[in-house]
Participant: 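Please read through the structure below; I'll follow up with questions.
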Amino acid sequence: MSVNTYFNEFLSAIRLTKHQREDLITGHTTLRDRLNADPDLSKIIVSTFLQGSYRRATAIKPKNGKRADVDIIVVTKLDRYSVRPKEAIEKFIPFVEKYYKGKYSIQGRSIGIELSYVDLDIVVTSAPSEVDQALFKSESVTTSLALEDLGGDWRLVKGWAEPDHRQYWTTQMAESVRSAAEWKTASLYIPDQDANCWVETNPLEQIRWTRDKNKATNSHYINVVKALKWWRICKLTDLKHPKGYPIEHMIGDCCPDGISSVAEGVVKTFEAIVNKYAWNRSIEITPSLPDRGVSTHNVWKRVSSEDFVAFYDHVKTAAATARKAYDAELVSESAQYWRYLFGSDFPIMSEEEARNERLAKKAQQLETGGASLGNRVNIITGTTGVSVPRERNHYDDSRHI
């Protein structure tokens, strides 16, 4: 098998399982249906939509007993100039008391709901303009599908529809959607109770940026993100920050366009982080990474200098291992390095397959003059080439990391 095949198996192992995806769908669909049907809240709700790693298709399966999670944006008609953040959140208390009593908690900027099978976050926003209200109701915003489930043609236009909803589309309709100018998303504002103010956010721009980056990397970017997120939770267990989206954002800044494989994306992203932030590491200052949709926001604001230094040093070590894996001549050796980097979820060759690969390599070198024979070596020459008997395996020089 090729290294790409091993990566495909690895990525399948770290994705959300079918059961976890079904739990997420059940959780957020039930919540959204209840919000839209609520006799009081339905009067102030414009629309609801999903954000976060699940929507961007960069989510990985949780570890250590944690549950999968999804964020639900609730676009309301509340005026941020006349409604205080605390008042906005309080309007949703009767609703969560009715449906999620004992399972919710009021957080600084959201309402968290912990179910036995999934975690949900209700993120309330203030009213957008009249024009934007219509756009926030469009299927391009309200779709529940993740980026990787949309066939690569998701666009922020009014006429866009999910693939299963296009049975009556004509060729002209499809072309109209493809050629229409995308909606330039206006920012939303969420209530920050601790700071007693409404904070600007633009989750749709993060989704759109991820879509464009994935296209620019031959659809490898979201899998590079998954792989590096897995490395982070498996290898950096004692580090509090960065995690989640801040790491994803840095990966986006450093992953080169035009990559031809996930393996290439991983090694080059690690190396780019090392090079790009070497100065910050030398003076031990956390870099500032402006948000995709709101450039005044620093998504690495919560990362202390101590955590940044520790993270950088881990990345530097990982970059060296990834380079050895990427440059290895033998697939067995490459897979062994990748497994060292990503843990036991990354598959490796069996001992028999690895031995046969090494022997085939040595046989090739003998035939081409790239290797010479030592003393007391039994050689078998047949129609298929030169080989060494199993009991006299003088070329089984496997390396251990």
Side-chain angles (χ1 to χ4, degrees), residues 11-38 41-42 45 47-76 89 91-125 139 141-150 154 162 164 188 190-191 201 203-204 206-207 210 222-223 225-227 229-230 232-234 237 240 242-248 345:
L11 290 165
S12 294
I14 67 173
R15 284 189 175 95
L16 292 172
T17 66
K18 180 182 178 182
H19 182 66
Q20 288 168 336
R21 285 172 62 90
E22 289 172 349
D23 284 346
L24 282 172
I25 292 170
T26 298
H28 77 69
T29 301
T30 302
L31 173 58
R32 294 169 77 183
D33 288 346
R34 286 171 173 173
L35 285 167
N36 291 326
D38 187 85
L41 292 180
S42 60
I45 291 177
S47 74
T48 64
F49 67 91
L50 306 183
Q51 71 156 354
S53 60
Y54 174 71
R55 177 72 184 274
R56 295 190 303 273
T58 57
I60 56 176
K61 69 180 183 181
K63 286 176 66 69
N64 304 321
K66 293 184 178 180
R67 295 175 292 272
D69 64 90
V70 64
D71 299 337
I72 297 92
I73 297 285
V74 182
V75 184
T76 75
I89 295 294
K91 290 182 181 295
F92 287 78
I93 300 302
F95 171 83
V96 290
E97 272 290 310
K98 179 180 180 179
Y99 293 107
Y100 302 101
K101 187 176 179 64
K103 300 175 182 178
Y104 75 90
S105 60
I106 306 301
Q107 300 166 162
R109 298 183 178 182
S110 64
I111 301 174
I113 300 172
E114 294 186 3
L115 303 180
S116 60
Y117 59 95
V118 68
D119 288 345
L120 306 168
D121 252 8
I122 299 176
V123 183
V124 180
T125 77
E139 192 167 335
V141 175
T142 62
T143 178
S144 298
L145 297 178
L147 279 179
E148 63 183 347
D149 300 322
L150 294 174
W154 172 76
E162 295 178 4
D164 291 344
L188 294 170
I190 59 177
T201 186
L204 290 174
Q206 290 182 350
I207 299 169
T210 302
I222 59 176
N223 285 326
V225 173
K226 289 188 182 91
K229 279 186 173 180
W230 190 257
R232 191 269 184 250
I233 65 172
C234 288
T237 55
K240 185 175 181 180
K243 58 184 178 180
Y245 181 72
I247 287 184
E248 181 175 332
D345 285 275

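Scope of the values below: all heavy atoms of this structure, side chains included, with no hydrogens, waters or symmetry mates.
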Participant: For the atom pair CG (L50) and CG (D71), what is the distance rounded to the nearest 0.5 Å?
Facilitator: 9.0 Å

Participant: So which heavy atom on A68 is nearest to which on P62, and how close?
Facilitator: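 Scanning both residues, the minimum pair turns out to be N-CG, 3.6 Å.
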
Participant: Is a side-chain donor or acceptor of T76 paired with a backbone partner of I45 at a separation under 3.5 angstrom?
Facilitator: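 Between the backbone of I45 and the side chain of T76 there is no qualifying donor-acceptor contact (under 3.5 Å).
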
Participant: Do E114 and Y100 touch side chain to side chain, with heavy atoms closer than 4.5 Å?
Facilitator: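 No, their side chains stay 4.5 Å or more apart.
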
Participant: At their closest point, which heavy atom of D119 faces which heavy atom of R67, and how far apart are they?
Facilitator: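 Here D119 and R67 meet closest at OD1-NE, 2.8 Å.
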
Participant: Work out which heavy atom in F49 is nearest to a heavy atom in V141; give both atom names and the distance.
Facilitator: CB-O, 3.1 Å

Participant: Could you pull out the closest heavy-atom pair between D345 and A13, with the gap in Å?
Facilitator: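 So the two residues come closest at OD1-CB, 4.0 Å.
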
Participant: Rounded to the nearest 0.5 Å, what's the gap from OG on S110 to CD1 on I89? Could you check?
Facilitator: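 Taking OG in S110 and CD1 in I89, the distance rounds to 7.0 Å.
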
Participant: Can you check whether P242's main-chain N or O pairs, donor with acceptor, with R232's side chain at less than 3.5 Å?
Facilitator: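 Yes; at least one donor-acceptor contact below 3.5 Å.
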
Participant: Could you tell me whether R56 sits above the aromatic face of W154, with NZ or CZ closer than 6.0 angstrom to the six-membered ring centre and within 45 degrees of the axis?
Facilitator: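 No, a cation-pi geometry is absent between R56 and W154.
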
Participant: To the nearest 0.5 Å, what is the distance between CD (E22) and OG1 (T26)?
Facilitator: 7.0 Å

Participant: Could you tell me the separation between the SG atom of C234 and the CD1 atom of I60, rounded to the nearest 0.5 Å?
Facilitator: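 Atom-to-atom, C234:SG and I60:CD1 are 7.5 Å apart.
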
Participant: Quick one: pull up OG1 in T58 and CD in E248 and give me the separation to the nearest 0.5 Å.
Facilitator: 3.5 Å

Participant: In plain terms, say whether E97 and K103 are close enough for a salt bridge, that is, a side-chain N and a carboxylate O under 4.0 Å apart.
Facilitator: no

Participant: Is the backbone of T17 close enough, under 3.5 Å, to the side chain of Q20 for a donor and an acceptor to pair up by distance?
Facilitator: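 Flag set: sc Q20 to bb T17 pair under 3.5 Å.
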
Participant: Counting C-beta onward and ignoring hydrogens, is there a side-chain heavy-atom pair between V96 and K101 closer than 4.5 Å?
Facilitator: no

Participant: So if I apply the side chain to side chain contact (heavy atoms under 4.5 Å, CB included) rule between V123 and each of R109, Q107, Q51, which one comes out positive?
Facilitator: Q51

Participant: What are the two closest non-hydrogen atoms of S53 and K229, and how far apart are they?
Facilitator: CB-NZ, 3.6 Å

Participant: Quick check with a 6.0 Å cut-off and a 45 degree axis cone: is R21 positioned over the face of Y54's six-membered ring?
Facilitator: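 No, R21 does not lie over the aromatic ring of Y54.
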
Participant: Atom NZ in K226, atom CD1 in I222: separation rounded to 0.5 Å?
Facilitator: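 If I round to the nearest 0.5 Å, the distance is 4.0 Å.
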
Participant: Would a distance-only check, ignoring hydrogens and angles, find a side-chain to backbone donor-acceptor pair under 3.5 Å from T143 to E139?
Facilitator: no

Participant: Is the closest side-chain heavy-atom distance between R15 and N223 below 4.5 Å?
Facilitator: yes

Participant: Can you tell if the side chain of T142 reaches within under 4.5 Å of the side chain of R32, non-hydrogen atoms only?
Facilitator: yes

Participant: If you take all heavy atoms of G112 and D121, which pair is closest and at what distance?
Facilitator: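 Shortest heavy-atom separation between G112 and D121 comes out as CA-OD1, 3.2 Å.
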
